[in-house]
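Here's the structure, in structure tokens; my notes come after.
In each ligand, atom 1 is the first atom listed, and ligand 1 is the first ligand listed.
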Amino acid sequence: MTLYNPYVKRIHELFIEKNPGEPEFQQAVDEVLKSLQPVIESHPEFEENAILERLIEPERAVRFKVPWLDDEGKVHINRGYRIQFNSAIGPYKGGLRFHPTVNGSVMQFLGFEQTFKNSLTGLPMGGAKGGSDFDPKGKSDREIMRFCQSFMTELYKYIGADVDVPAGDIGVGGREIGYLFGQYKRMKGEFTGVLTGKGLSYGGSLIRKEATGYGLLYIVEKMLKDTAEDSVTGKRIVISGSGNVAIYAAEKAISLGAKVLAMSDSSGAVYDPNGIRLDVIKVIKEQEHARIKVYAERVPGSQYLENSKDLYRIPCDIALPCATQNELDADSARALVANGVIAVAEGANMPSTPEAVEIFQSAGIRFLPAKAANAGGVAVSGLEMCQDSMRFFWTAEEVDAKLKNIMESIFVKIRDAAAAYGMPGDYVSGSNIAGFLKVAEAMVAQGIAY
Ligand code: NDP
Ligand code: 2IT
């Protein structure tokens with residue numbers, strides 16, 4: 001990586017030395033440090049206050065043991081994590097991921113990115129992430145419940161409505177949040193908004209489930225309008241994944257008049273030239289918890305692709321990677337560009353490899369990075385915290401309107417930050433800079449606290 005600013009270069013070297021063998025964390029930090037160079041050059045107070053060395057070190061990282069019993073009474077041990085990355089602008093906030101690939105590097109990359117994303121929403125939330133290497137696939141409902149209860153029996157010591165507010169992420173949805181909330185309430189003896197993504201009957205917000213996917217489409221729509229008086233209507237879209245983010249991105253895309261050509265899971269993808277039937281996907285994924293392959297067996301004219309990545313070989317106008325980190329590599333990026341893609345927006349966290357981002361940007365493709373593009377989920381989590389505190393709840397229309405407004409203002413912030421620092425259209429740098437400035441200013445104001 002080429003770095004020209006001596007302070008950034010020094011901090012980058014220090015980072016590499018202190019965090020060996022953490023590729024995802026390094027990838028996330030590399031990108032941010034590179035983007036921040038022009039800001040560092042024009043703000044000497046950031047070096048004077050050691051902002052970068054403080055920014056790349058989590059304030060607290062907890063790792064704990066999660067013992068649980070399966071339905072046969074056999075004992076299992078998993079690792080639990082909570083990385084409380086930065087609390088400069090508000091209580092720690094960020095999701096919990098249950099997936100076998102979870103490790104310290106993945107948790108830290110996600111917590112680091114969350115700090116900037118939360119800042120971009122304009123709401124008072126610091127950055128955090130947590131989770132476990134527990135694999136929910138194939139587990140019974142009771143096994144999931146026992147795991148969540150054991151996980152919370154340790155986690156509850158570190159969180160609280162004004163301290164740290166977890167939510168969902170991969171493998172953690174409404175059911176898991178319910179079991180986690182129940183156990184927190186039992187351990188602490190208090191009913192507070194300590195988690196978001198809760199059920200509507202016990203303090204959840206309308207539109208939280210839909211928020212990340214809807215928000216993704218709102219910001220893409222705003223970008224298309226702003227850059228070319230264009231719209232999502234009539235566009236051909238491919239969406240990777242078929243979980244929470246992908247399903248509600250597809251729902252909003254279809255309602256805006258786009259055609260969703262393909263979706264995927266970790267086993268493969270389905271291509272439907274007539275436009276994906278979301279009712280069928282929802283039954284397969286939300287009710288049957290089956291593989292996406294079933295879609296091709298049920299819907300005539302559709303086709304199953306054996307490799308999830310083959311979805312990116314389908315000619316389309318817009319690609320929305322909504323599955324997981326580094327799923328969209330250089331080959332997929334080249335295929336998308338060769339087929340005439342006009343915009344790519346990240347519903348997942350860091351789904352594009354650095355090489356893929358470079359390919360999109362140098363081909364002049366409008367590219368919206370995760371920190372901005374998928375901020376709708378945490379934004380509505382912030383609105384859920386607000387409603388829990390008020391003990392009063394907004395209608396779906398009210399929450400949706402606030403979400404749209406937040407996503408549109410994020411686009412304006414990142415567009416303007418990129419232009420202000422001489423990189424118009426570079427929304428990667430724009431997101432990193434705009435997200436950073438608020439956090440850095442708060443850190444300077446609060447002295448050497450963290
Ligand atoms: P879910 O667990 O609901 O869904 C994840 C989906 O991604 C599943 O369909 C899964 O398939 C698929 N998947 C996983 N790995 C791959 C792969 N290598 N190739 C293709 N598909 C794959 O998670 P979410 O939808 O909540 O999260 C998706 C992404 O969005 C994550 O990066 C998450 O961090 C990010 N995000 C989530 C937010 C939220 O509010 N939930 C907010 C902002 C970002 P399978 O079932 O086969 O594993
Ligand atoms: O990556 C993310 O922004 C999330 N998983 C949502 C976090 C939240 O607190 O709602």
Side-chain angles (χ1 to χ4, degrees), residues 24 90-102 106-107 109-111 113-118 120-121 123 125-131 135-138 164-177 195-198 204-205 207-216 239-250 262-270 281 284-286 289-293 305 307-312 320-329 332 346-352 370-385:
E24 295 86 3
Y92 306 108
K93 180 83 196 88
L96 296 172
R97 177 179 291 190
F98 292 169
H99 195 272
T101 56
V102 162
V106 169
M107 290 286 99
F109 117 66
L110 288 163
E113 296 245 315
Q114 197 79 41
T115 303
F116 300 87
K117 183 196 304 188
N118 293 2
L120 286 173
T121 66
L123 300 171
M125 301 181 289
K129 201 79 185 191
D135 186 358
K137 279 206 186 75
D164 181 358
V165 182
D169 193 77
I170 294 178
V172 178
R175 174 181 61 168
E176 292 73 20
I177 293 293
L195 291 152
T196 59
K198 298 185 293 299
S205 174
I207 309 292
R208 174 60 189 91
K209 186 172 66 163
E210 296 85 353
T212 315
Y214 281 17
L216 178 64
I239 302 179
S240 70
S242 46
N244 173 264
V245 179
I247 286 178
Y248 293 95
M263 295 180 77
S264 61
D265 61 20
S266 60
S267 313
V270 287
I281 293 282
I284 296 169
K285 288 295 171 186
E286 294 184 337
H289 303 290
R291 301 282 79 203
I292 205 162
K293 187 177 186 176
L305 312 173
N307 187 334
S308 313
K309 286 185 184 170
D310 286 345
L311 162 136
Y312 295 120
L320 303 176
C322 295
T324 195
Q325 64 270 7
N326 292 324
E327 48 148 318
L328 200 172
D329 60 13
S332 299
E346 297 187 321
N349 284 310
M350 207 168 75
S352 315
K371 291 182 192 83
N374 71 34
V378 77
V380 174
S381 277
L383 300 179
E384 183 170 329
M385 289 166 73

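For atom 48 (O) of ligand 1, the nearest non-hydrogen atom of the protein is Lys137 NZ, 2.9 Å. With respect to atom 9 (O) of ligand 2, the closest heavy atom belonging to the protein is Lys93 NZ, 2.7 Å. In terms of protein heavy-atom proximity, atom 10 (O) of ligand 2 is closest to Ser381 OG, 2.6 Å. Given atom 6 (C) of ligand 1, the protein heavy atom at minimum distance is Gly243 N, 3.9 Å. Scanning the protein heavy atoms around atom 15 (N) of ligand 1, the nearest turns out to be Thr324 CG2, 3.6 Å.
Heavy atoms of Arg291 approach ligand 1 to within less than 4.0 angstrom. Residue contacts with ligand 2: Arg208 is included, with a non-hydrogen atom under 4.0 Å away.
Set against the non-hydrogen atoms of Gly347, the atoms of ligand 1 under 4.0 Å away are 30 (O), 35 (C), 36 (N), 44 (C).
Checking Ala323, Gly171, Gly376, Ala348 against atom 28 (C) of ligand 1, the nearest heavy atom belongs to Ala323. Nearest-heavy-atom check against atom 24 (P) of ligand 1 across Val245, Ile281, Leu110, Asn326 picks out Val245.
Of the heavy atoms in Thr212, only side-chain atoms (C-beta onward) come closer than 4.0 Å to ligand 1. Heavy atoms of Asn349 found under 4.0 angstrom from ligand 2 belong exclusively to the side chain. For Gln114, no heavy-atom contact with ligand 1 is shorter than 4.0 Å.
When only interatomic distances are considered, the shortest N/O to N/O separation between Val165 and ligand 2 does not fall below 3.5 Å.
Scored by the salt bridge (Lys or Arg N to Asp or Glu O under 4.0 Å) test, Lys117 finds no partners at all (sequence neighbours excluded).
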